[in-house]
Amino acid sequence: MTDPVSRTSWRCSSGTHVGHRRQINEDAILSVPEGGIWAVSDGMGGHTAGHLASQIVTEALADIPTSVAPGERMQQARAALHKAHDDIQCEALRLGGVTIGATVVVLIVSEQHFVCLWAGDSRLYRVRDGVLNQLSADHSIVGELIKAGHLSEDEAEHHPLANQITRAVGIGDMLEIDKRRGELAHGDRFLLCSDGLTKHVGDAELVDLLDQTDTKRSAEVLIQRALDHGGADNVSVIVVEV
């Protein structure tokens, strides 16, 4: 797919799997290459309605017209997440006041730049020149401990509070969305994923698989690797190559 304004082009692949131990897939993904927007959302709420929460998030983002200008696209994505926040809370009330929500990570690519919006611990990575960088920062208890220097990345993976997030769409009075933007470089590969991937596939393996696999098969290969390593959770992956 090519951006008609800048002639920037990209290839992508995406997929989601329920995993080996869950009965319902609470993840949802969105891939709109013609609009330069991709998203992964991980629902919370179990059988109650976690899958509904993630679907509300991705459907709100899917309503963004592909024809809008790049700057407007980011503003509309932010507005869509706030609308999803309100809609999830309405759904929670309809279900009797249960607590449901969803993490989200969004990648928007246009011209020579990218923007990442996120809430929760679904992640955006970039591989550039063989180096993997996590561009998002987990909104979680252990994420805050890492940021403060009290935990290492390795320690965090096995911490008893590893699954406790501090932000999510649909949770709390106000939705706080973090943003990161940057410039694109030829050959950049972006990885959006739910924590069902990163629980089982470490950074070194992620780099190897992304470097050695054609982009069109990358999502399938990464999901299969997570399943081979246990697949204890739903796993969702989107790979975008500039």
Side-chain angles (χ1 to χ4, degrees), residues 10-33 35 37-47 49-62 77 80-81 84 88 100-109 116-127 132 134-140 157 162-163 165 167-170 189-203 205-206 209-210 213 215-241:
W10 44 80
R11 296 186 299 168
C12 60
S13 63
S14 60
T16 184
H17 194 285
V18 68
H20 293 316
R21 301 184 187 177
R22 301 294 179 91
Q23 295 180 338
I24 294 177
N25 191 346
E26 295 182 282
D27 288 357
I29 60 175
L30 175 71
S31 180
V32 187
I37 184 169
W38 297 265
V40 168
S41 183
D42 183 351
M44 300 171 294
H47 290 279
H51 64 291
L52 294 178
S54 60
Q55 288 173 7
I56 288 171
V57 170
T58 54
E59 287 172 2
L61 291 165
L81 294 179
I88 290 171
I100 59 175
T103 70
V104 66
V105 60
V106 184
L107 173 67
I108 302 170
V109 175
C116 173
L117 303 173
W118 79 95
D121 62 355
S122 291
R123 295 178 178 178
L124 176 70
Y125 293 90
R126 180 185 63 200
V127 177
L132 179 76
Q134 183 179 334
L135 301 181
S136 61
D138 293 353
H139 297 139
S140 64
E157 292 297 329
N163 293 325
I165 64 171
R167 291 191 207 177
V169 185
R189 284 193 179 189
F190 293 95
L191 166 65
L192 299 85
C193 63
S194 61
D195 64 351
L197 176 69
T198 51
K199 285 176 181 176
H200 296 295
V201 185
D203 288 0
E205 197 169 9
L206 287 177
L209 291 173
L210 288 167
T213 309
T215 300
K216 293 182 179 180
R217 294 189 58 248
S218 291
E220 173 190 351
V221 169
L222 288 167
I223 289 172
Q224 187 58 52
R225 187 59 57 92
L227 296 175
D228 291 344
H229 288 338
D233 198 356
N234 310 146
V235 54
S236 296
V237 173
I238 299 175
V239 179
V240 181
E241 180 182 15

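For clarity, every value in this text was computed on a predicted model and none was experimentally measured. All residue numbers in this chain count up from 1 along the given sequence.
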- Nearest-0.5 Å distance, CD1 of residue I29 to OG1 of residue T58: 9.0 Å

- Task: Output the distance between atom CG (L197) and atom NE2 (H17), rounded to the nearest 0.5 Å.
- Result: 13.5 Å

- Query: Listed by chain and number, what are the side chain to side chain contact (heavy atoms under 4.5 Å, CB included) partners of L132, not counting sequence neighbours?
  - Reply: Y125, V127, D203, L206, V207

- Item | For V239 against A219, the heavy-atom pair lying closest together | CG2-N, 4.1 Å

- Item | Test salt bridge (Lys or Arg N to Asp or Glu O under 4.0 Å) applied to R189 - qualifying residues, sequence neighbours left out | E241

- Quick one: CG on L107 to CD1 on I238, what's the gap to the nearest 0.5 Å? 8.5 Å

- Message: Side chains of W118 and R167, heavy atoms from C-beta outward: is any pair under 4.5 Å?
- Response: no

- Which pairs pass salt bridge (Lys or Arg N to Asp or Glu O under 4.0 Å) with one or both residues in residues 215-229, sequence neighbours excluded? E205-R225

- Qualifying residues under side chain to side chain contact (heavy atoms under 4.5 Å, CB included), relative to A84, sequence neighbours excluded: I56, V57, A60, V169

- Sequence-distant partners of S31, side chain to side chain contact (heavy atoms under 4.5 Å, CB included), two or more places apart: C12, S14, P33, W38

- Counting only N and O atoms by type, is there a donor-acceptor contact under 3.5 Å from the side chain of S54 to the main-chain atoms of E26? yes

- Query: How would you list, by chain and number, every residue that makes a side chain to side chain donor-acceptor pair (under 3.5 Å) with R22, sequence neighbours excluded?
  - Reply: D233

- Return yes if some donor-acceptor pair links the side-chain N/O of T16 with the main-chain N/O of D27 below 3.5 Å, else return no. no

